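What's counted below: heavy atoms across the whole structure, side chains too, no hydrogens, waters or symmetry copies. Reminder, nothing fancy here: chain letters follow the sequence lines and each chain counts from 1. The structure displayed is predicted, hence computed values, not measured ones.
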There are 2 protein chains.
Amino acid sequence: MPVTIYEVAEKAGVGIGTVSRVLNDSPQIAPATRAKVLKVIKQLNFQPHAMAQGLARRKTHTIGVIVPFFTGYFYVELLRGIQQALSENKFDLILYGVDDLQKKEACFKRVLQQRRVDGVLTLSMPLSEQIAAEFERRELPLVLVDAFHPQFDSITVNNEEGAYQAVRHLINLGHRKIAIVNGHFESLPAQERLSGYKRALAESGLVMPAEYLITSDALREGAVAVNDGFNKETGYRAMRELLALNGSHPEAIFAASDIQAIGVIGAVRECGLRIPEDLAVVGFDDIELAELVGLTTMRQPIREMGKLAVDCLLAKINGDAEAAKVHHRFNTKLIVRETSGTRRQSF
Amino acid sequence: MPVTIYEVAEKAGVGIGTVSRVLNDSPQIAPATRAKVLKVIKQLNFQPHAMAQGLARRKTHTIGVIVPFFTGYFYVELLRGIQQALSENKFDLILYGVDDLQKKEACFKRVLQQRRVDGVLTLSMPLSEQIAAEFERRELPLVLVDAFHPQFDSITVNNEEGAYQAVRHLINLGHRKIAIVNGHFESLPAQERLSGYKRALAESGLVMPAEYLITSDALREGAVAVNDGFNKETGYRAMRELLALNGSHPEAIFAASDIQAIGVIGAVRECGLRIPEDLAVVGFDDIELAELVGLTTMRQPIREMGKLAVDCLLAKINGDAEAAKVHHRFNTKLIVRETSGTRRQSF
DNA sequence: ATGAAAGCGCTAACAC
DNA sequence: GTGTTAGCGCTTTCAT
């Protein structure tokens with residue numbers, strides 16, 4: 001029932017090869033013929049069948065995006081940038097949500113084997129050597145966003161430096177007892193942000209008790225990682241623990257993500273403490289929420305990261321820039337708002 | 001290079017037809033043969049090529065989701081439910097973002113013609129008769145989420161009743177001067193929420209000045225609709241206008257969406273008024289943000305809507321329930337928090 | 001129960 | 001320049 005290349009060919013009085021050439025605007029075709037075919041195409045409202053094209057061309061004109069948990073503003077924002085860049089290039093996007101880390105491997109296998117996509121983008125997912133090898137073998141273009149692997153292009157943010165600056169900001173404000181509320185430690189960003197935190201402290205000769213370094217791992221539910229720890233709940237619970245430290249709780253918190261900072265703030269409020277008077281907090285990410293609650297934070301250029309990721313991937317796919325591996329690292333920027341300032345938090 | 005059905009067949013010493021049957025677990029196949037083939041499949045780590053399968057089977061095992069602007073927490077939450085339900089059914093999801101309403105038609109055409117998907121889900125998009133006809137003609141399953149069209153299944157929420165209850169809540173609290181901050185008026189939810197608002201007022205014999213009914217249309221940027229008006233900015237601007245009404249500004253606001261309510265709150269704060277003491281506000285949606293800022297709102301079961309949408313669509317696709325059209329309408333639920341209560345807003 | 005063969009709708013190599 | 005033909009990797013009759 002749907003119109004095929006054959007009908008177009010017949011109606012235009014040419015061979016299917018010619019139609020195909022017009023479709024792929026092949027250089028050498030008589031202008032007259034092209035016009036004729038084009039007219040019929042318009043008239044019949046024809047569009048090539050994507051599957052057939054994909055099969056013949058061995059190209060799907062589609063990329064896969066693998067998102068962990070598909071939750072969290074960070075991913076949404078990233079997706080937005082990706083989607084936009086992709087649609088500008090007329091590429092389709094298949095979304096693979098890995099809500100369960102156990103399913104991760106299965107998802108990769110699927111993507112790798114099914115050949116539904118010309119390339120893939122993974123968000124915040126550490127790449128196992130095994131999977132890495134598979135991508136190499138299959139020669140399936142891959143770029144990592146918010147994660148790193150020497151063999152593949154990656155788009156990251158300077159987490160170490162960002163964390164360093166965030167903590168410096170706190171130190172400059174006069175705080176001396178600064179705790180960190182981190183995500184799960186297998187996450188690279190979590191590790192890097194921790195080093196930045198440590199560097200800033202060391203530089204000022206500050207030493208924190210071990211209880212001040214808190215990772216969401218300790219708070220993890222079961223043995224299984226169902227999330228990355230960068231969420232409101234872990235922030236809340238971490239802060240409760242910090243507040244329960246008899247005697248000396250910290251006077252400032254560096255949260256490794258805005259959403260955790262939100263949880264932290266909630267816990268602080270519950271205990272009747274004021275922000276920033278009694279306790280300052282700075283987050284990381286600068287998601288939309290941050291502005292709404294007046295959170296001081298380190299801004300990541302999330303949208304831009306998404307766009308660049310697409311550009312890189314498409315370049316690989318087109319073989320354009322078969323060039324060297326690109327490891328692009330964006331810089332972060334401190335956005336000072338009420339939770340660390342001297343003004344009363346307004347919201 | 002990639003392993004095909006032929007290699008599997010050869011290695012298993014059977015014909016490709018047999019392998020195919022095993023793949024599609026055809027009923028009548030010798031258990032021994034099946035086992036043998038299965039073993040080779042595992043061993044070779046074989047998975048059928050999606051495009052080839054799609055071409056031959058005339059089924060893609062994929063659905064398309066068309067999202068307007070792909071912005072806003074409401075869509076994200078919906079997408080989450082959809083993605084989850086889909087992955088349970090091992091269906092893939094192609095995301096079409098329509099950031100520009102002009103591109104809407106083009107997007108539909110593309111989806112319709114390319115035959116990349118077995119069915120489509122549209123989120124909050126009014127369906128033009130022309131497009132509707134195309135779907136009918138192509139017999140492409142379609143279900144509308146947060147929109148309505150008599151010919152297609154739809155998943156909506158009882159906007160009228162929800163708005164009614166929200167405003168009743170305000171009235172019960174003793175408020176008499178209640179304004180509505182709405183989205184663009186071509187959106188069905190916007191229209192329905194307006195009627196609910198009116199009904200509640202009428203029921204109590206309340207009459208509002210025209211300036212109290214404010215739609216984001218008036219605030220619209222250009223002639224072109226680049227968004228649906230359900231955003232923070234329009235809420236903020238609407239509230240500024242309301243506050244500028246010399247003499248009598250409203251004492252309560254019903255915002256047609258939480259995100260607009262957030263904007264409203266921002267504007268109110270800027271003017272030094274307190275919430276809820278000087279002004280009460282209730283939103284609509286109950287996005288995650290609502291809880292964070294203590295916003296009273298009408299909850300929509302967003303995730304469930306997404307799941308049901310997928311179930312409906314899949315049923316259509318499988319021809320299972322070739323049954324009657326389903327127009328499922330969820331009920332909303334009032335969630336009372338600080339912005340309308342008597343307690344001071346905590347956050 | 002299983003092999004052989006004919007498509008599915010398109011691209012690309014090969015002729016003319 | 002343009003028609004013809006052989007695949008792309010799988011499903012699905014049709015035989016056997």
Would you kindly give the [atom1]-to-[atom2] distance between [X] and [N], to the nearest whole Å?
X: B/R115; N: C/dG9; atom1: CZ; atom2: P; value: 7 Å
X: A/Q113; N: D/dC10; atom1: CD; atom2: C1'; value: 15 Å
X: B/N24; N: D/dT12; atom1: CG; atom2: C1'; value: 10 Å
X: B/E10; N: D/dC10; atom1: CD; atom2: C1'; value: 17 Å
X: B/I5; N: C/dT2; atom1: CD1; atom2: P; value: 15 Å
X: A/D25; N: D/dT2; atom1: CG; atom2: P; value: 15 Å
X: A/Y6; N: D/dT5; atom1: OH; atom2: C1'; value: 10 Å
X: B/Q28; N: D/dC14; atom1: CD; atom2: C1'; value: 17 Å

Among [options], which nucleotide sits nearest the side chain of [X]?
X: A/I16; options: C/dG9, D/dT5, D/dT2; answer: D/dT5
X: B/L55; options: C/dA12, D/dG9, C/dA5; answer: D/dG9
X: B/R21; options: D/dT11, D/dT2, C/dA4; answer: C/dA4
X: B/A56; options: C/dG9, C/dG7, C/dT2; answer: C/dG7
X: A/A52; options: C/dC10, D/dT11, D/dT2; answer: C/dC10
X: B/H49; options: D/dG9, D/dT2, C/dG9; answer: D/dG9

**Prompt:** Atom CD1 in A/I41, atom NZ in A/K11: separation rounded to 0.5 Å?
**Reply:** 12.5 Å
**Request:** Any chance you could measure A/L121, atom CG, to A/L93, atom CG, to the nearest 0.5 Å?
**Result:**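 Interatomic distance, A/L121 CG to A/L93 CG, rounded to 0.5 Å: 9.0 Å.
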Are [X] and [N] close enough that a side-chain N or O sits under 4.0 Å from OP1 or OP2?
X: B/Q53; N: D/dT11; answer: yes
X: A/R58; N: D/dG9; answer: yes
X: B/T18; N: C/dG3; answer: yes

Answer with yes or no whether the side chains of [Y] and [X] bring together a donor and an acceptor at under 3.5 Å.
X: A/R138; Y: A/Q113; result: yes
X: A/Q28; Y: A/R21; result: no
X: B/T62; Y: A/R116; result: yes

**Prompt:** What nucleic acid atoms does B/V19 come within less than 4.0 Å of, heavy atoms only: base, sugar-phosphate, or nothing?
**Reply:** nothing
**Request:** Could you check whether B/S20 gets within reach of a base, just the sugar-phosphate, or nothing at all, counting any heavy atom under 4.0 Å?
**Result:**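 Counting heavy atoms under 4.0 Å across all strands, the contact made by B/S20 includes a base.
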**Asked** Mapping A/P2 and A/G17 to their closest nucleotides on DNA chain C, which lands nearer the 5' end?
**Response** A/P2
